[in-house]
Visitor: 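Just passing along the structure, written as C-alpha cells.
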Amino acid sequence: MKTICADMRNNIDPELMALAGSIIRRGGLVAFPTETVYGLGSDALDPEASRKIYAAKGRPSDNPLIVHIAQFDALDRIVSHIPDAARALADAFWPGPLTMIFHKSEAVPSATTGGLDTVAVRMPSHPVALELIRQGGGYIAAPSANTSGRPSPTEARHVYDDLNGRIDMIIDGGPVGIGLESTIIDLTEETPMVLRPGFISLEMLRSVLGEVRMDPGLHADDPAFRPKAPGMKYRHYAPKSPLIIVEGEEARVRAKISQLVLEAEKSGKAAGIIATDEDASSYTHGIVRSAGTRSDEITIAQRLFSILREFDDLQVSVIYSEAFDTPQLGAAIMNRLIKAAGHQVIQV
Ligand code: AMP
Ligand code: MG
C-alpha cells in the first residue's frame, strides 16, 4: 500500500482533508496529530475498519480503542447513559487531553471496544483532529499511531518509521504539544477512577468532581493485581535496549549514573543517559540526552518518547535515566518511564 503524506504543519489543506475524510468513511486508516500524541484513525462504528487498526499496529485484540468525537452531543449515539460527572468534566476539560469511560450503546461494535461493554471517548483540541473527525463521519477510533510496544509517536516521522506502507495516509501537523497520552477516567465505577495518569492530573479532576481515586492496579507490583485499562498491563513504550531508572537525591543520582556508565564503558558497552537541561553537561561519559528542564515540566513530557526512539537508532547497550517526579506531570511521566524500564528502578 502506498501511504500518502499530507503536510498540514502550517494550515489545513482543504482538498487533502476532504480526501482524508473520505478514506475514513470508506473504512481506511489515517494517522493524524492530536495535542497528546499522533493517533491512527478509522471509522469507530465500522468493525472491519477497527480490525485494520489492530492489524496495522500489531495490537493485541483485547486492548480497546478510544473513540474521538468533535462535539459533546455525539455521545448520545455511542453511550447508553451520560452521567452528570461527564458534563462537568467536559465543561472543564473538553476539548482536551481527557478520556472518559462510559457504558456503550449498541452502535459501537465490540471490535472497537476489545469485547468490553464499555467505551472510551475523548474530544481532542487539535484543529486538524477536530476537522478530520467532522469530515470522517463524527466517530474516529484512534489508538496511538505506533507499532504496538514502541514509544508513542510525537512527530509525523515517528509514524512514518513505524507504519509507512501499512496505512492509507499520514497527516503531518508538526510536533505535538503535550507528548503523553490522555488521562483516562472511568465513570462506570461508583467512585470515578483514573485508569491512566496524563496531563489532566488527579488534583484537577478532584477540583471538578470531589472524590476521585487512582486504579490500585496501576502501582501494584503483584501481577495478579491487574490494571483495569487492558492496555496498561502491556510492557509499552519500550526502547530496544534495557532502560534503568535511578531515583533519589539529585547529586547522588548523578554520581550513581556516572559510575554505572563508566562500568558499562569499561566492559566495552555504549551507554545512554537521559538527564535534564540543568545537569546534562555534568556527565563526562556516555551519550547524554536532555529530556527538558525541571523548571518547565511539559518540556520533559514532550521529548521523552522521542528520546527513547533516538536511543534505538543510536544502538546503545543500556540506558540510564534520572527520575522526573515533577509537580503536575510527574505521575504521568513516571508512569510511562517505569513501564518503558520494565520496572527496573535503582534507589540511591
Ligand atoms: P492508546 O489509544 O494507544 O493510548 O490506548 C488506549 C488506552 O485506553 C488503552 O490503555 C486501553 O486499554 C484503554 N481503554 C480504551 N477503552 C477502554 C475501556 N472501555 N475500558 C478501559 N480501558 C480502556
Ligand atoms: Mg498506545
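These values consider heavy atoms only, across backbone and side chains, with no hydrogens, waters or symmetry-generated copies. Indexing begins at 1, ligand by ligand and atom by atom, following the structure's order. Throughout, numbering of the chain's residues begins at 1 and tracks the sequence.
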Visitor: Take atom OH in Y283; do more than 12 heavy atoms of anything else shown fall under 6.0 Å from it?
Guide: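 Yes, enclosed.
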Visitor: Check salt bridge (charged side-chain N to carboxylate O under 4.0 Å, His left out) between D186 and all other residues, then give those that pass, not counting sequence neighbours.
Guide: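 Salt bridge (charged side-chain N to carboxylate O under 4.0 Å, His left out) check on D186 returns K228.
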Visitor: Examine N146 and say whether one of its N/O/S atoms is closer to the Mg ion (ligand 2) than 2.8 Å.
Guide: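 Here the distance criterion (N, O or S atom, under 2.8 Å) is not met by N146, so no.
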Visitor: Looking only at non-hydrogen atoms, which of R196, K104, K228 approaches atom 4 (O) of ligand 1 most closely?
Guide: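 It is R196 that holds the nearest heavy atom.
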Visitor: So is I184 in contact with ligand 1, going by heavy-atom distances below 4.0 Å?
Guide: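 For ligand 1, residue contact (heavy atoms, under 4.0 Å) with I184 is present.
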Visitor: Mark up the atoms of ligand 1 that fall under 4.0 Å of a heavy atom belonging to L195, in ascending order.
Guide: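 Within the 4.0 Å cut-off of L195, ligand 1 contributes 21 (C).
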Visitor: With a 4.0 Å cut-off, would you call E263 and K266 a salt bridge?
Guide: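 Salt bridge between E263 and K266, a charged N being under 4.0 Å from a carboxylate O: no.
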Visitor: Just to be sure I'm reading this right: ignoring hydrogens, which of G231, P60, A229 gets closest to atom 22 (N) of ligand 1? Compare them by their nearest heavy atoms.
Guide: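 It is A229 that holds the nearest heavy atom.
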Visitor: With heavy atoms only and a cut-off of under 4.0 Å, state how K57 meets ligand 1: side chain, backbone, both or neither.
Guide: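 Under 4.0 Å from ligand 1, K57 contributes no heavy atoms.
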Visitor: In this structure, are over 12 heavy atoms from other groups packed under 6.0 Å from D313 atom CG?
Guide: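 It does: D313 CG has more than 12 such atoms within range.
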Visitor: Would you call D161-R150 a salt bridge at under 4.0 Å N-O?
Guide: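 Salt bridge: no.
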Visitor: For ligand 1, which atoms sit closer than 4.0 Å to a heavy atom of L116?
Guide: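 Those atoms are 18 (C), 19 (N), 20 (N).
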Visitor: Report yes or no: do L65 and L40 belong to one cluster of Ile/Leu/Val/Met/Phe/Trp/Tyr joined by side chain heavy-atom distances under 4.5 Å?
Guide: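 Same cluster: L65 reaches L40 through Ile, Leu, Val, Met, Phe, Trp or Tyr contacts under 4.5 Å.
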Visitor: Would you mind listing which atoms of ligand 1 come within a distance below 4.0 Å of any non-hydrogen atom of P230?
Guide: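 Close to P230: 12 (O), 21 (C), 22 (N).
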Visitor: I'd like to know if D162 and R309 make a salt bridge, using a cut-off of under 4.0 Å between side-chain N and carboxylate O.
Guide: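 Yes, this pair counts.
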Visitor: Can you name the atoms of ligand 1, numbered from 1 with element, that are less than 4.0 Å from a heavy atom of T118?
Guide: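 Within the 4.0 Å cut-off of T118, ligand 1 contributes 18 (C), 19 (N), 20 (N).
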Visitor: Quick one: look at N63 and ligand 1, take heavy-atom pairs under 4.0 Å, and tell me if it's side chain, backbone, both or neither.
Guide: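 Side chain only.
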Visitor: Any Lys/Arg nitrogen of R294 or E322 sitting under 4.0 Å from an Asp/Glu carboxylate oxygen of the other?
Guide: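 Counted as a salt bridge, because a side-chain N and a carboxylate O are separated by less than 4.0 Å.
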Visitor: Under 4.0 Å from a heavy atom of S144: which atoms of ligand 1 are those, numbered in the order shown and with their elements?
Guide: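 Result: 1 (P), 2 (O), 3 (O).
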Visitor: Atom 5 (O) of ligand 1: which of M232, M100, R59 has the nearest heavy atom?
Guide: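 Residue with the shortest heavy-atom distance to the ligand atom: R59.
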